[in-house]
Amino acid sequence: MDPDKKTNSIKLEWEALEHVYYKKTDDWYWIVGTVGVTTSILAFIFDNAILGLLLLIATATMLLHGARVPGVVKVELQERGVRVGTTFYPFAEMKAFSINEESEPAMLVLDTKAWLIPDVRIFIERVSTHDIRNFLLNHLDEKYHEPSISEGLIHYLGF
């Protein structure tokens with residue numbers, strides 16, 4: 001048995017998709033591939049092989065990630081933190097939270113202290129946002145999450 005489950009009683013739990021999935025047309029894949037390969041060829045022409053290889057790897061990664069259909073993860077709000085699938089986020093390593101009820105489905109945003117992953121986004125499905133807010137207010141402050149320019153660009157490009 002998981003040691004966190006002995007000491008952390010589950011207060012709320014639900015299942016949610018890992019991430020938003022935008023259905024992409026064949027044109028999307030052709031455009032991404034063409035731009036990636038073209039910029040990579042230009043890097044090789046200008047004697048920058050490392051950048052060329054990096055661009056090829058980035059293009060392949062974008063194409064693979066774009067085709068990936070999200071899985072379903074189990075979300076648990078516990079006394080010491082939030083578990084999303086197999087990852088545990090302790091409240092001690094979070095700054096605040098916000099709930100975006102305007103998105104479909106509603107989304108919980110956890111503002112963490114981590115440098116590489118500053119925000120954790122979790123879809124809220126089949127659970128009351130009111131119950132989640134009441135539970136989290138006992139552990140964190142609620143602060144409006146201002147979407148960054150990169151978030152807007154990521155959604156615009158269909159990721």
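Taking the six-membered ring for Trp and thresholds of 30 and 60 degrees, F135 and F91 have ring planes inclined between 30 and 60 degrees apart.
Taking hydrophobic clusters as Ile, Leu, Val, Met, Phe, Trp and Tyr residues chained together by side-chain heavy-atom distances below 4.5 Å, L54 does not share a cluster with V37. Note on V75 and V120: same hydrophobic cluster, where clusters join Ile, Leu, Val, Met, Phe, Trp and Tyr whose side-chain heavy atoms are under 4.5 Å apart, directly or indirectly. W28 is not connected to V35 by any chain of hydrophobic side-chain contacts under 4.5 Å among Ile, Leu, Val, Met, Phe, Trp and Tyr, and they are in different clusters. Following chains of ILVMFWY side-chain contacts shorter than 4.5 Å, one cannot reach I41 starting from L63, and the two form parts of different hydrophobic clusters.
Residues H139 and E79 have side chains in contact (heavy-atom distance under 4.5 Å, counting atoms from C-beta outward). W30 places none of its side-chain heavy atoms less than 4.5 Å from the side chain of T25. Residues V109 and F97 form no side-chain contact, since every pair of their non-hydrogen atoms from C-beta on lies 4.5 Å or further apart. In this structure, V32 and K24 have side chains that are not in contact, with every pair of non-hydrogen atoms separated by 4.5 Å or more. Proximity of K11 to Q78: side-chain heavy atoms (C-beta onward) are nowhere separated by under 4.5 Å.
For the atom pair L55 CG and T39 OG1, the distance stands at 4.5 Å (nearest 0.5 Å). The CD1 atom of I122 sits 7.5 Å away from the CG atom of L77 when rounded to the nearest 0.5 Å. Here the straight-line distance linking atom CG of L136 with atom CG of D141 works out to 11.5 Å at 0.5 Å rounding. For the atom pair K74 NZ and E13 CD, the distance stands at 4.0 Å (nearest 0.5 Å). Atom CD1 of I99 is separated from atom NE2 of H130 by 10.5 Å, given to the nearest 0.5 angstrom. The distance from the OH atom of Y29 to the CE atom of M62 is 11.0 Å, given to the nearest 0.5 Å.
In this structure E125 satisfies the salt bridge (charged side-chain N to carboxylate O under 4.0 Å, His left out) test with no other residue, sequence neighbours excluded. Remark: K95 pairs with no residue by the salt bridge (charged side-chain N to carboxylate O under 4.0 Å, His left out) rule, at least two apart or across chains.
Among all heavy-atom pairs drawn from G36 and T59, the shortest one is CA-OG1, 3.1 Å. Residues G52 and S40 share a closest heavy-atom pair of O-OG, 2.8 Å. Closest of all the heavy-atom pairs between S98 and K143 is CB-O, 3.1 Å. The nearest pair of heavy atoms linking F44 to L53 is CZ-N, 3.9 Å. In plain terms, the two heavy atoms of A16 and F123 that are nearest each other are CB-O, 3.3 Å.
Shown here is N134, whose CG atom has more than 12 heavy atoms of other residues, nucleotides or ligands within 6.0 Å. Counting heavy atoms of neighbouring residues, nucleotides and ligands inside a 6.0 Å radius, atom CG of N138 exceeds 12 of them. In the displayed structure, K23 atom NZ is contacted under 6.0 Å by at most 12 heavy atoms of other residues, nucleotides or ligands.
Looking at T34, its side chain never comes within 3.5 Å of a backbone N or O of I31 through a donor-acceptor pair. The backbone N or O of E76 sits nowhere less than 3.5 Å from a side-chain atom of W14 that would complete a donor-acceptor pair. Looking only at distances, no side-chain donor or acceptor of E18 sits under 3.5 Å from a matching main-chain atom of P70.
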side-chain contact (heavy atoms from CB on, under 4.5 Å), that's the test. Do T112 and D119 meet it? Break it down for me. CA-CA 6 Å; T112 68; D119 299 321; over 6 Å; no
Evaluate R83 against Y89 for side-chain contact (heavy atoms from CB on, under 4.5 Å), listing each step before the verdict. CA-CA 6 Å; R83 181 175 301 281; Y89 301 97; over 6 Å; no
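Classification of E101 and R133 as a salt-bridged pair holds, one side-chain N sitting under 4.0 Å from a carboxylate O.
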